[in-house]
Amino acid sequence: MIVMKFGGTSIADAAAIKRTISIITKKMRSKPVVVVSACSGITNLLHQLVDFTEQGDKEHSEQIISSIKDRHKDTVDGLASMVDPKRPTPDTTDINQKIDNLCNSLWTLSKAHMGGQIPDADKAYMISMGEYLSSNIVCFMMNAFGLKTAWIDARHFMITSRNYLCATADIPEVTKRANSIIDKAFKNADAVITQGFMGVTIEGDPTIMGRGSSDYSASLLGMVLDADRIEIWTDVDGICTADPNIVPEAKGINKLSYEEAAELARFGAKVLHPLSIEPAAGKNIPLYVLNSMNPDGEGTVVMNSQCIFDGVKSISYNENIRVINIYSPKMINTTGSLTRIFSIFEKHGVSVDMISTSEASVSVTVDAKAPIDPVVAELSKIGNITVDRDKSQVSIIGKNIIGVKGAVAAVFEAVSDSKIYMMSQGSSFLNLSIVVDRPEMMTVIRNLHKTFFENGN
Ligand code: ASP
Ligand code: MG
C-alpha cells in the first residue's frame, strides 16, 4: 500500500486533476490511498465565509458560497469533457447534486450563525468543506477515467484531540479504525480516496488540524497503515537548497534525513507541514516530495539518517521575527530563572523559536505576529527587557554541520558584512541560526547559498 497526497495546486482545476489522475494511474498496482487537500484557494474562501458570517454580512457570505459552487461545477464540466471518447460519457448528475448538497449545508450553517459567534466545531466543519468537495470530485473522475476508486470519509477514522481548529491525532484510535475501514474499501476497489486536514473528536465533533495539515494527515495514514512509501505531490520539484524566490540558483535536494526535513519544516521551508515528518520517521517509511507539474522529476526523498551524508543541505528563514532580551544580574548564581522566564511565555501561549543565554541575560526569538505585550509586561518584573523588532532569522540546516570542518567559519565569512543580533546552534547539531536586520536578510541568504552551494561545493 502507498499513500499519495495531492495539495491544492495539484487539483486546482480540471487540467490539474487530469494530470493527477494520470499520476495515480501509474501507481494502481501499489494500492494507492489518495489523500487530497481542498482545491487551491478554497480553504481561504471558507475562512472568509466564517468571518463574513460572524460579521452578519449575508450578501458576501452568499457570494462566497455561490463562487465555491460554480468553481467546483466548472471543474466537473471540464473533466467530463476530457474523458476518453471511447469510454462511456460520465453522467454528472450525482456529482453535481453532491456539490449542491455540500454547498447547501454550508449555507444552512452560515444562516444559522449569521451575526453571531460560530462554535468551533461548526467552524471546523465549514472550513473543511473544501476537502469534501475536492475528494468527491476526484473520486468521481477517477472512476470515470476507469480507476475503480472508493471514497472514504476521514471523519470515520481520523480521531483527534478536542482543540477543534488545530487538533492533533489520537494515534491509537486512528490505528484501530483506519486499517479495518481501508482494508474493507480495497475489497471492492483498486484505489481509495480520503480527505486531509479534517478529523473528528471521539465524541463525533468535527475538527481540523491547522493550515497545511493535509501533509500531516497523509503521513499519519502512512504510518498507521504501514505504507511502503508516502508521496507528497505538490507544485515544486521537491525541497530546495533555498527558497527559489529568493535564490534563483537554488537546486533540488535529492535526499534528506527525517531530522533535517523536520528542522527545515520548522525553520521556515513551506513545502512540508512541520508535523508531517515524525509519523513517517517513526516507522522508517520513505517520504517523497514530488512535483505534479513535473511528474518525472526526481523530487526529494526523506529517509533514515544513516543514508545521508554530513553537511549543509539548505538555507531557510523566518522573515519577520522579534528578539526579546532579558537582562537581570539577579540571575547570576541562582537557579530556576529560566523556568520562571519560560513559564511566562507558556502562560501567554507565545512560542519561542531560538534561545541564547549567558549568566545574566537571556535572548529569545518569537514570530512577529505573536502577542508579546503581556509577556513583556510580566518579564519586566524579573529584569530589564528590550525588544528588537524588524529582524529576520536565517538558518543553515544539515546533518552534523557543527562537526563538518570549516562550515561554521564559512558561515561567519559569508555574513561578515551584516550585523548579527543573536545566534544559536540547535542542540542536535542540525542547525545554526542567526538573527539579522530584515532588510539584510536576502543578501545574507544569497551569500550563504553562494558559499555552500554555488562555488563548486
Ligand atoms: N486545505 C487546507 C489548507 O489550505 C489543508 C492543506 O492544504 O493541507 O490549509
Ligand atoms: Mg501544503
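Order of appearance sets the numbers: ligands from 1, and atoms from 1 within every ligand.
With a 6.0 Å radius and a threshold of 12 heavy atoms from other residues, nucleotides or ligands, K283 has its NZ atom above the threshold. The environment of CD in E346 is sparse: at most 12 heavy-atom neighbours from other residues, nucleotides or ligands sit within 6.0 Å.
Comparing heavy-atom distances from atom 4 (O) of ligand 1 across E131, K5, R211 singles out R211 as nearest.
For ligand 1, none of its N or O atoms has an N or O atom of G210 under 3.5 Å away. On a distance-only criterion, D215 and ligand 1 share no N/O pair closer than 3.5 Å.
Close to ligand 1: S213, with a non-hydrogen atom less than 4.0 angstrom away. Within the 4.0 Å heavy-atom shell around ligand 1 one finds G212.
The closest side-chain heavy-atom distance from V411 to F452 is below 4.5 Å.
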**Request:** Decide salt bridge (charged side-chain N to carboxylate O under 4.0 Å, His left out) for R438 and E440; before the verdict, give the C-alpha distance in whole Å, the side-chain angles of both, and the deciding distance to 0.1 Å.
**Result:** CA-CA 5 Å; R438 229 170 132 189; E440 287 276 298; over 6 Å; no
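Using a 4.0 Å cut-off between heavy atoms, S37 contacts ligand 1 through its side chain alone, with no backbone atom that close.
Aromatic ring pairs are classed by plane angle as parallel below 30°, tilted from 30° to 60° and perpendicular above 60°; the pair Y132 and W151 is tilted.
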